[in-house]
Amino acid sequence: RRVHPGESYFAQQRAQVNPRERKSNRSSNFDKLLVLLVDFQEDSDPRTTGNGKFELDFDPTYPVSIGAPPRDYRFFQYHLEALKYYYLAASLGNYELDYEIFPSENDSKFAYTLPQQMAYYNPGLEDFDLFVERVEEYFHDVFATADSYGEIDFSRYGHFVIIHAGSDWQHDIYGDTPSDLPSFFIQMGQGKEALVNNGQVSISNAANVPETISQDGRYGVINAVLAHEFGHSLGFIDLYNVNNFHPGVGYW
């Protein structure tokens with residue numbers, strides 16, 4: 001798995017959170033997860049995988065069955081069920097995740113469409129400060145767009161996962177789609193939180209994962225990415241060195 005330099009930045013943001021504040025987050029909604037499906041303005045940009053939209057139609061040419069489209073509501077529901085039972089087993093039955101996906105299954109829209117194309121939110125690493133600025137804008141656009149429909153009470157949830165259309169930067173084997181958004185757990189700095197529900201609820205972090213990790217002739221599923229990034233929301237740290245990306249507990 002390739003490691004994006006932005007992961008180090010957001011890991012440092014997590015490290016700045018007071019441990020006492022982390023503990024206080026273990027409230028009555030610590031088992032409640034909100035999953036937001038988001039897509040982008042449609043594009044034909046070669047710097048990103050796909051066209052900014054989820055693959056919702058069956059593809060008879062897709063070479064493997066695992067992770068194949070259609071990647072619809074049921075597809076992601078199965079992945080969230082897998083996440084739920086993974087953590088139930090890993091915690092020896094002590095942590096049972098209660099998740100909801102929005103937009104909901106019977107909603108007329110499949111995803112919340114953001115105001116920009118994907119490449120806008122990941123302009124590349126030539127200007128790292130611009131990259132951070134755009135990723136933080138992405139975070140705010142996701143929650144502002146979802147909140148604009150007035151259908152979610154964000155105060156009910158202790159955790160947030162963003163699933164976006166397309167693939168991610170880490171699985172761009174050939175390095176030919178450098179503006180794919182990276183997968184990571186986003187921790188916003190103080191004063192940069194997203195305000196929702198008429199400013200009554202403040203959201204400071206979320207896991208960000210793609211619709212698929214398949215590209216460049218490699219095929220896979222998002223289970224491990226989803227479990228890893230969500231683990232940060234539970235307070236788990238990376239087991240690799242986030243400064244030089246060397247393995248801390250061995251290769252897997």
Side-chain angles (χ1 to χ4, degrees), residues 10 17 21-22 24-41 52-54 56 71-84 87 95-116 118 120-121 134-166 181 183-211 222 225-227 229-235:
F10 288 110
V17 177
E21 292 180 8
R22 282 202 192 99
S24 69
N25 288 335
R26 298 194 177 192
S27 56
S28 59
N29 61 4
F30 191 67
D31 62 340
K32 301 286 194 302
L33 167 64
L34 172 64
V35 180
L36 298 175
L37 303 176
V38 304
D39 63 7
F40 307 91
Q41 298 298 313
K53 301 297 181 182
F54 286 93
L56 299 177
R71 301 190 187 102
D72 51 15
Y73 185 90
R74 191 61 54 87
F75 177 89
F76 293 110
Q77 188 176 44
Y78 287 149
H79 276 293
L80 269 297
E81 281 292 294
L83 180 70
K84 171 183 175 178
Y87 276 104
Y95 185 75
E96 185 169 357
L97 190 62
D98 181 10
Y99 66 87
E100 286 189 275
I101 304 173
F102 278 86
S104 58
E105 185 173 15
N106 298 319
D107 202 308
S108 58
K109 57 186 176 300
F110 177 75
Y112 298 112
T113 301
L114 303 186
Q116 307 290 346
M118 183 194 285
Y120 173 85
Y121 294 113
R134 292 288 179 82
V135 169
E136 290 177 343
E137 185 175 347
Y138 167 72
F139 180 89
H140 281 273
D141 282 353
V142 167
F143 286 101
T145 303
D147 186 41
S148 68
Y149 289 90
E151 56 193 1
I152 303 173
D153 178 1
F154 290 89
S155 68
R156 297 182 58 244
Y157 306 97
H159 308 281
F160 305 92
V161 166
I162 303 163
I163 300 179
H164 66 79
L181 278 172
S183 295
F184 46 46
F185 182 76
I186 302 174
Q187 177 69 54
M188 301 294 282
Q190 188 173 5
K192 295 183 177 181
E193 301 87 352
L195 298 177
V196 292
N197 292 153
N198 295 317
Q200 299 302 305
V201 177
S202 173
I203 300 174
S204 60
N205 55 63
N208 184 64
V209 300
E211 162 195 1
I222 63 172
V225 179
L226 183 58
E229 303 303 349
F230 175 71
H232 289 311
S233 195
L234 295 176

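The analysis underlying the following values was restricted to heavy atoms, covering all of them including side chains, and did not include hydrogens, waters or symmetry mates.
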With distance as the sole test, does [X] use its side chain to make a donor-acceptor pair with the main-chain N or O of [Y] at under 3.5 Å?
X: R156; Y: N29; answer: no
X: H159; Y: D31; answer: no
X: N197; Y: F154; answer: yes

Check your understanding: Among K84, Q77, E81, which one satisfies side-chain hydrogen bond (donor to acceptor under 3.5 Å, both in side chains) with Y99?
Key ->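 Output: one option passes, namely E81.
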Evaluate the side-chain proximity of [Y] to [X]: yes if any heavy-atom separation is below 4.5 Å, no if none is.
X: T145; Y: V38; result: no
X: L33; Y: L83; result: yes
X: L36; Y: Y112; result: yes

Nearest-0.5 Å distance that lies between atom [atom1] in [X] and atom [atom2] in [Y]:
X: L226; Y: L80; atom1: CG; atom2: CG; result: 6.0 Å
X: Y138; Y: I186; atom1: OH; atom2: CD1; result: 6.5 Å
X: H140; Y: L195; atom1: NE2; atom2: CG; result: 8.0 Å
X: D147; Y: I203; atom1: CG; atom2: CD1; result: 8.0 Å
X: M188; Y: F143; atom1: CE; atom2: CZ; result: 9.5 Å

Please name the pair of heavy atoms, one in [X] and one in [Y], separated by the smallest distance, quoted to 0.1 Å.
X: Y87; Y: L234; answer: CE2-CD1, 3.7 Å
X: R134; Y: Y120; answer: NH1-O, 2.8 Å
X: P210; Y: S183; answer: CD-OG, 3.1 Å
X: K53; Y: D39; answer: CD-OD2, 3.3 Å
X: I222; Y: E211; answer: CG2-O, 3.7 Å
X: P103; Y: Y73; answer: O-CE1, 3.8 Å

Practice item. Starting from the C-alpha separation in whole Å, work towards a yes-or-no answer on side chain to side chain contact (heavy atoms under 4.5 Å, CB included) for V209 and F230. Key: CA-CA 9 Å; V209 300; F230 175 71; over 6 Å; no
Check your understanding: Does a donor on one side chain sit under 3.5 Å from an acceptor on the other, for N106 and S104?
Key ->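 Result is no, nothing qualifies.
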Review point. Judged by modelled atom types alone, do D107 and Y149 share a side-chain donor-acceptor pair under 3.5 Å?
Key: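 Side-chain D/A pair, D107 to Y149: absent.
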Check the angle between the aromatic planes of [X] and [Y] and answer parallel, tilted or perpendicular using the 30° and 60° thresholds.
X: F110; Y: F76; result: tilted
X: F185; Y: H232; result: tilted
X: F75; Y: H79; result: perpendicular

**Study point:** Carboxylate-amine/guanidinium contact K32 E100, below 4.0 Å
**Key:**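 Here K32 does not pair with E100 in a salt bridge, since their nearest N and O are not under 4.0 Å apart.
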Check your understanding: Cation-pi between K192 and F139: NZ/CZ under 6.0 Å from ring centre and within 45° of the ring axis?
Key ->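 K192 over F139 ring: no.
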Practice item. Could you walk me through whether I152 and V196 pass the side chain to side chain contact (heavy atoms under 4.5 Å, CB included) test, one step at a time? Key: CA-CA 9 Å; I152 303 173; V196 292; over 6 Å; no
**Study point:** Member of L37, V35, L34 meeting the side-chain contact (heavy atoms from CB on, under 4.5 Å) criterion with F102
**Key:**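 Considering L37, V35, L34, a side-chain contact (heavy atoms from CB on, under 4.5 Å) with F102 is found only for L34.
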Practice item. May I ask you to check whether over 12 heavy atoms, not counting those of Y95, lie within 6.0 Å of atom OH? Key: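 Correct, the count exceeds 12.
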